[in-house]
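One structure is given below, encoded as structure tokens.
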Amino acid sequence: MAEEEGALPPKSDFSAWYNDLLWRAEIMDVRYPVKGLYVWYPHGFAIRRHVYGLLREMMDRSHQETLFPLLIPEHEFMKEAEHIKGFEDEVYWVTHGGKDQLDVPLALRPTSETAIYPMYALWVRSHADLPLRLYQIVNTFRYETKHTRPLIRLREITSFKEAHTVHSTWNDAQEQVEAAIAIYQEFYDRLCIPVIVSKRPEWDKFPGADYTIAIDTVMPDGKTLQIGTVHHLGDHFSRTFSIMYEDALGAQQYAHQTCYGISERSIAALISVHGDDRGLVLPPEFSPVQVVVIPIPIGKRKDEVLLAASRLLETLQKAGIRARLDDRDLRPGAKYYYWEMRGAALRIEIGPRDIDAGMVVSVTRTGQRSQIPVDQLVSGVTDVLGGEAARMKVRAGEMLRSRIRPAGTTDELVAAVGEGVAVVSWCGEKNCADSLEEVTGGSVLGTEARLGDIGGIPTACLICGSNGKATLVGRAY
RNA sequence: GGGGUAGUAGGGUAGCCUGGUCCAUCCUAGAGCGUUUGGGACGCUUUGACGGCGGUUCGAAUCCGCCCUACCCCA
């Protein structure tokens, strides 16, 4: 069928859809010849730039940006016992300089606590230095043994935004945890990605943390994707790295810390949550091309149409809209498909008919069609685009809610995890969690979920029947 | 962690068992020319590959070994 030409696999076949979309929409090229490392196409990188631009802007309100080295000396990396246990199997080591073996092996950071905290020990002197809130956006390396996936499970995480804060007291650090969660919620709200916030179980918390709050979303195949974490580090690291301050009374005190991060999984979620069978769909704020102008140049009025189109382009660009003119010698239909694949938020068509009417045809990526008078182009475009994000937010929110279901019996649990996320009652015992995971093939995501009222959840642990609390179970990426 | 399956031009494939005119083929690929253009245009010309390294052989996409990479399924 002609309509099938160049089509993506349907989104219902999510894995195939995702792999195909990545290169067809020019986001990532997966052909780099090293496992787990992928290349950003310029178009994908432009999406990243807009997403991380927002993240940076939000972080800058209460943090300062910094940059620490990629390499961490072995003796620093090996200081914090729990931390080592959590990461040592995934660390790449630089052992040679040229042909010489290094005296001190250097770790490629899998995360930067052990790079940053020795410096924090030097920088923090007094309670007046606190709170200290820094972040950096860097690449990190993890020797993943599981199946790698572009943007999702990587050996080089190219875009890790990690924040590291220092506070006087445990409670101050806890407040920072809440502040960080609020930032991340706002961030994902802007991306129109609905999230689930919950507290990870003990065995799944960050190595060296008091507790971990995770932010998950649900992918189109019903599996959850962790797209942000916030860790309360207590004084574990400050004791290890001697991060101390002199309090108001002149006594030396160990500081309390938090750290939290977001990676390019945010981009994976953005693409996956909103995309459709025709390709990328992006909130206009993050689309590299917000408006594409497509001339419909028929016969002898070709020059006239092209001139009108380039005037439109100029008007849009002057108004600060990321606009492009597609004047390639292709049929208009081919261009529509091309830009839909790449997630252009709005298409403006102009042909002889439109010129005569003093109007242009506008079609949003989600299919809202209208006509805009040429002399009100900018306000018309702004209006039409303004509604897109809200529509996407509603649609994605409904999708997420439909994937979360309470379960009071084992059958309901298995069914719910098959479709998405189950909310069950769990007593808190590891044995019962193991059972929950075993019958579902999923994992216990967390407790204390901030979901509003789910309702319909018994208080008795689904496994053992003793007193339990609401717990999320799902299959995770 | 365990098991499959596969890698041939930008993409998709045939050929492989049974080494040799294999100058293979198709396209939504690239370059060029012309006709075209309101939802994936057409004609002609043309470009371009056997995942990597090593081995066997007069001769390897094809046989052998090692490695790399990808996808799927199961703990």
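In what follows, chains are A, B, ... by sequence order, proteins preceding strands, each numbered from 1.
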Legend entry - C1' gap between G32(B) and C73(B), integer Å: 48 Å
Legend entry - d(CG, Asp329(A); P, G34(B)) in whole Å: 11 Å
Inset, instruction - Take the protein atom CG of Asp326(A) and the nucleotide atom C1' of U37(B), then report the distance between them rounded to whole Å. - result: 12 Å
Legend entry - P-based separation of G20(B) from G59(B) [nearest Å]: 15 Å
Legend entry - For atom CZ of Arg328(A) and atom C1' of G40(B), their distance in whole Å: 12 Å
Inset, instruction - Please indicate whether Arg153(A) has more than 12 foreign heavy atoms, meaning atoms of other residues, nucleotides or ligands, lying under 6.0 Å from its CZ. - result: yes
Legend entry - Arg365(A) with Asp276(A): basic N within carboxylate O range, under 4.0 Å: yes
Legend entry - Distance, rounded to the nearest Å, where Arg301(A) contributes CZ and U36(B) contributes P: 18 Å
Inset, instruction - Name the nucleic acid region contacted by Arg278(A), choosing base, sugar-phosphate or nothing; use a 4.0 angstrom heavy-atom cut-off, strictly under. - result: base
Inset, instruction - Fill in the dot-bracket string of RNA chain B, one character per base: . for unpaired, | for a pair to another strand, ( ) or [ ] for pairs within the strand, taking Watson-Crick or G-U pairs under 3.5 Å. - result: (((((((..((((......[...)))).(((((((.....)))))))...(((((..]....)))))))))))).
Legend entry - RNA chain B: 5'-proximal contact among Tyr338(A) and Leu330(A) (nearest heavy atom): Leu330(A)
Legend entry - Nearest-angstrom distance, P atom, A61(B) to G54(B): 15 Å
Legend entry - Donor-acceptor contact present, side-chain Arg24(A) to main-chain Ala7(A), <3.5 Å: yes
Legend entry - Pairs touching residues 421-443 of chain A that satisfy salt bridge (charged side-chain N to carboxylate O under 4.0 Å, His left out), sequence neighbours left out: Lys430(A)-Asp434(A)
Legend entry - Test: Lys223(A) cationic atom under 6.0 Å from Tyr477(A) six-membered ring centre, within 45° of axis: yes
Legend entry - Base of G39(B) and ring of Tyr336(A) stacked, centres under 5.5 Å, planes under 30°: no
Legend entry - Rounded distance in Å between the P positions of C17(B) and G51(B): 15 Å
Inset, instruction - Take atom C1' in A49(B) and the same atom in C27(B), then report the distance between them in whole Å. - result: 16 Å
Legend entry - Pairwise C1' distance, A70(B) and G34(B) [rounded to whole Å]: 42 Å
Legend entry - Phosphate-side-chain proximity, Arg31(A) and G11(B), N/O vs OP1/OP2 below 4.0 Å: yes
Between protein and nucleotides 66-75 of chain B, what N or O pairs are separated by less than 3.5 Å?
residue: U69(B); atom: OP1; partner: Lys35(A); partner atom: N; Å: 3.0
residue: C71(B); atom: OP2; partner: His147(A); partner atom: NE2; Å: 3.2
residue: C72(B); atom: OP1; partner: Ser15(A); partner atom: OG; Å: 2.4

Legend entry - G39(B) base / Glu340(A) side chain donor-acceptor hit below 3.5 Å: yes
Inset, instruction - Using whole Å, report how far CE of Met341(A) lies from P of A29(B). - result: 13 Å
Legend entry - Side chain of Ile298(A) - closest among U28(B), G39(B), U37(B): U37(B)
Legend entry - Atom-to-atom span, CZ of Arg24(A) to P of G10(B) - whole angstrom: 17 Å
Inset, instruction - Measure the distance from CD on Glu304(A) to P on U37(B) and round it to the nearest whole Å. - result: 16 Å
Inset, instruction - For Arg347(A), report the nucleic acid contact type (base, sugar-phosphate, nothing); a contact means any heavy atom under 4.0 Å. - result: base
Inset, instruction - Hey, which sits more toward the 5' end of RNA chain B by its nearest nucleotide, Thr145(A) or Val361(A)? - result: Thr145(A)
Inset, instruction - Return yes if some donor-acceptor pair links the side-chain N/O of Arg322(A) with the main-chain N/O of Ser287(A) below 3.5 Å, else return no. - result: yes
Legend entry - Leu445(A) backbone acceptor or donor facing Arg200(A) side chain under 3.5 Å: yes
Legend entry - Rounded interatomic separation in angstrom, taking CD from Glu26(A) and P from A29(B): 13 Å
Inset, instruction - Using a 4.0 Å heavy-atom cut-off across all strands, classify Pro295(A) as base, sugar-phosphate, or nothing. - result: nothing
Legend entry - Nucleotide of G38(B), G39(B), G1(B) approaching Ile296(A) most closely (side-chain heavy atoms): G38(B)
Inset, instruction - For nucleotides A24(B) and C33(B), find the distance between their P atoms and express it as a whole number of Å. - result: 26 Å
Inset, instruction - For residues Ser272(A) and Phe14(A), report the shortest heavy-atom separation together with the two atoms involved. - result: OG-CZ, 3.5 Å
Legend entry - Side-chain donor-acceptor contact under 3.5 Å, Glu264(A) with Thr158(A): yes
Inset, instruction - Flag the pair Thr111(A) / Phe160(A) as yes when at least one side-chain heavy-atom distance between them is below 4.5 Å, and no otherwise. - result: yes
Inset, instruction - Mark yes or no: Arg342(A) above the aromatic ring of Tyr338(A), with NZ or CZ under 6.0 Å from the six-membered ring centre and no more than 45 degrees from the axis. - result: yes
Legend entry - Phosphate OP1/OP2 of G38(B): any Arg331(A) side-chain N/O under 4.0 Å: yes
Inset, instruction - Using the C1' atoms only, state how far C67(B) lies from C26(B), rounded to an integer number of Å. - result: 33 Å
